[in-house]
Engineer: 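I'd like to ask some things about the structure below.
Labels below follow one simple rule: chain letters A, B, ... track the order of the sequence lines, proteins then strands, and each chain is numbered from 1. All of these numbers come straight from a predicted model, not from anything done at the bench.
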Protein chains: 2
Amino acid sequence: MKRGSKRRRAGRGAVISDLTAQRLSVYLRCLDDLEKSGVATTSSQRLADLYQLNSAQIRKDLAHFGEFGVRGVGYTVIDLRRTLARILGLTREWKVVIVGAGNLGMALADYGGFNREGFTIVGLFDSDSAKIGGRSRGGVPVHDVRELAAIARRDQVSLAILAVPAAAADGVLAIVAEAGIRGILNFAPVRLKPRAGMTLKAVDLKVQLENLVFHLTRGDGASAGRQSRR
Amino acid sequence: MKRGSKRRRAGRGAVISDLTAQRLSVYLRCLDDLEKSGVATTSSQRLADLYQLNSAQIRKDLAHFGEFGVRGVGYTVIDLRRTLARILGLTREWKVVIVGAGNLGMALADYGGFNREGFTIVGLFDSDSAKIGGRSRGGVPVHDVRELAAIARRDQVSLAILAVPAAAADGVLAIVAEAGIRGILNFAPVRLKPRAGMTLKAVDLKVQLENLVFHLTRGDGASAGRQSRR
DNA sequence: ATGTGTGAAGTGCTTCACAGCG
DNA sequence: CGCTGTGAAGCACTTCACACAT
């Protein structure tokens, strides 16, 4: 389920829906893939065929930001890749903290996907003194959650991942907000109240599983879900 | 981004959107919460206020399945909770396998959220002989992925969680499909091609993080995202 | 008096289909 | 000729607002 505000100004002054923004990330990944495969140029149709997308939608999404293709030809993979990275704000390094050094927090800290492509996990934070001072297998240090604000400000941390129990999540959100962090990815199975100026996304595994069950129970045929996060 | 078919028959013969289905899961969680707090009755307005929902939408969503409220009064928490569980197909136990016994797979296997409320993790599966025969900290056994089909059929497994590297995901999807599993939650950062009759949802952490960055970069105010999975 | 259930209105998202450009 | 970029059409989702039931 979604909540909250929806749109933001595009380069041209237009407004971009959240759905569009998520698709841009998907397109970026597809282009990464093509670039690795040595493909030099592509077209909206080819992308659509390869990755189960809609070619008109790709063109519409890109059109919000400018004209990046060549009529009759298509897109240059490298250029479009770079353009998307710029649109998405991925031209600089983004610092991330993970609050909650349990199994999930530790696993996320070591999860390779983050450390490439502009995200750096600065540290794990917990309130359990048995964990503080330790490290994840990958070497990410575990700090006292009371040090969060100081470290977040010092290292210019913009993003936090919440991997704490449901009961603790609300308090942790306050701490994270207090530390000046405004982008939050919540894995705790609770609905949190976002503070002003904060962007809060939830990854709720139980809701996802329940949704699969709903589909199976109702016995629909080939269906497919969100390639997002969501 | 979403893909694939969208809708399925409701109890009355109507058709239910995926967004509605996800919200039903959210409502269920809210009612669980209220029930634990000892609240006996509630109303769409109260739910909306407490959990940042929209009261009209709650009523609309429920209306697809019947009339569960009392005019002038509201809903009985326990009854509505039970009704939602039934609608969502959560009246029986659902068996789950996790493919990929790395950090993430292990963490998910031990993640408390699953083991309550009708989901049972039957086992972890991997191709690494160093991991096969072991167990997660929580005691979930790690099997050879080649045994997946046999075990899945024996234990009537309906759901699989993919926690394997991107490069392995496509092959694993084939194995899982072959084992007769039709509901799949994919954590690998790739776009998989769903097979016929399969429901495939992706939880893509990188897309989620990139989306947070997009919001921060464009500097919108209080916004909030998908309580899902996204 | 109060809150549901719901037609109707409003808003947003996706897809079509083609002009126009290379 | 092929493919982009885009207005227009189509479709889906959300919100409004009120009749009706209790």
Engineer: Can you tell me the distance, in whole Å, between the CD atom of Glu67(A) and the C1' atom of dA19(C)?
Structural biologist: 13 Å
Engineer: Any side-chain heavy atom of Val176(B) sitting closer than 4.5 Å to one from Val99(B)?
Structural biologist: yes
Engineer: Indicate the atoms forming the closest heavy-atom contact of Tyr75(B) with Ser43(B), along with that distance.
Structural biologist: CD1-CA, 4.2 Å
Engineer: Would you mind reporting whether Ile16(A) and Phe214(B) have side-chain heavy atoms less than 4.5 Å apart?
Structural biologist: yes
Engineer: What closest approach, in Å, do Ala177(B) and Met198(B) show between heavy atoms, and which atom pair accounts for it?
Structural biologist: CB-CE, 3.6 Å
Engineer: Is there side-chain contact between Leu212(B) and Leu209(B), with at least one heavy-atom pair below 4.5 Å?
Structural biologist: yes
Engineer: Looking at dT15(C), I'd like to know if its phosphate oxygens (OP1 or OP2) sit under 4.0 Å from a side-chain N or O belonging to Asn54(A).
Structural biologist: yes
Engineer: In this structure, how many angstroms lie between the C1' atom of dT4(D) and the CZ atom of Phe65(A), rounded?
Structural biologist: 17 Å
Engineer: Atom CG of Asp61(A) to atom P of dT15(C): distance rounded to whole Å?
Structural biologist: 11 Å
Engineer: What nucleotide among dG5(D), dT6(C), dT15(C) has an atom nearest to a side-chain atom of Lys60(A)?
Structural biologist: dT15(C)
Engineer: Specify the separation, in whole Å, of atom CG of Leu53(B) and atom P of dT4(C).
Structural biologist: 13 Å
Engineer: Using a cut-off of less than 4.0 Å, is there contact between a side-chain N or O of Tyr75(A) and OP1 or OP2 of dG2(D)?
Structural biologist: no
Engineer: Rounding to an integer number of Å, can you tell me how far His64(B) NE2 sits from dT6(C) P?
Structural biologist: 10 Å
Engineer: In whole Å, I'd like the distance from the CG atom of Leu80(A) to the P atom of dT4(D).
Structural biologist: 10 Å
Engineer: Applying side-chain contact (heavy atoms from CB on, under 4.5 Å) between Leu162(B) and each of Val97(B), Val172(B), Val203(B), report the one that passes.
Structural biologist: Val172(B)
Engineer: Quick check for you: among dT14(D), dC16(C), dT14(C), whose closest atom lies nearest to any side-chain atom of Leu19(A)?
Structural biologist: dT14(C)
Engineer: Applying salt bridge (charged side-chain N to carboxylate O under 4.0 Å, His left out), run through Arg29(B) and Asp204(A) and close with a yes or a no.
Structural biologist: CA-CA 11 Å; Arg29(B) 157 140 343 123; Asp204(A) 194 320; 2.2 Å; yes
Engineer: Looking at residues 38-47 of chain A, who's got a heavy atom less than 4.0 Å off DNA chain C?
Structural biologist: none
Engineer: Would you say that Glu93(B) contacts Ser158(B) through its side chain, given a criterion of any heavy-atom pair below 4.5 Å between the two side chains?
Structural biologist: no
Engineer: Indicate the atoms forming the closest heavy-atom contact of Gln52(B) with Arg191(A), along with that distance.
Structural biologist: O-NH2, 3.6 Å
Engineer: Working note: Trp94(A) + Thr120(A), criterion side-chain contact (heavy atoms from CB on, under 4.5 Å); need CA distance, chi angles, decisive distance, verdict.
Structural biologist: CA-CA 6 Å; Trp94(A) 291 87; Thr120(A) 307; over 6 Å; no
Engineer: Just do the salt bridge (charged side-chain N to carboxylate O under 4.0 Å, His left out) check on Lys201(B) and Asp18(B) with the steps written out, would you?
Structural biologist: CA-CA 11 Å; Lys201(B) 303 207 114 207; Asp18(B) 204 65; 3.8 Å; yes
Engineer: Specify the separation, in whole Å, of atom CG of Asp18(A) and atom P of dT11(C).
Structural biologist: 20 Å
Engineer: Using a cutoff of under 3.5 Å, can you pull out all pairs of nitrogen or oxygen atoms linking the protein to nucleotides 18-22 of chain D, with atom names and distances?
Structural biologist:
unit_1	atom_1	unit_2	atom_2	d
dC20(D)	O2	Arg71(B)	NH1	3.1

Engineer: Any idea which heavy atoms bring Arg195(B) and Leu173(B) closest together, and the distance?
Structural biologist: NH1-CD2, 3.2 Å
Engineer: Between P on dT4(D) and CD1 on Ile58(A), what's the gap in Å once rounded to a whole number?
Structural biologist: 9 Å
Engineer: Can you sort out which residues in residues 81-89 of chain A have a heavy atom within less than 4.0 Å of DNA chain C? Ascending by number, please.
Structural biologist: none
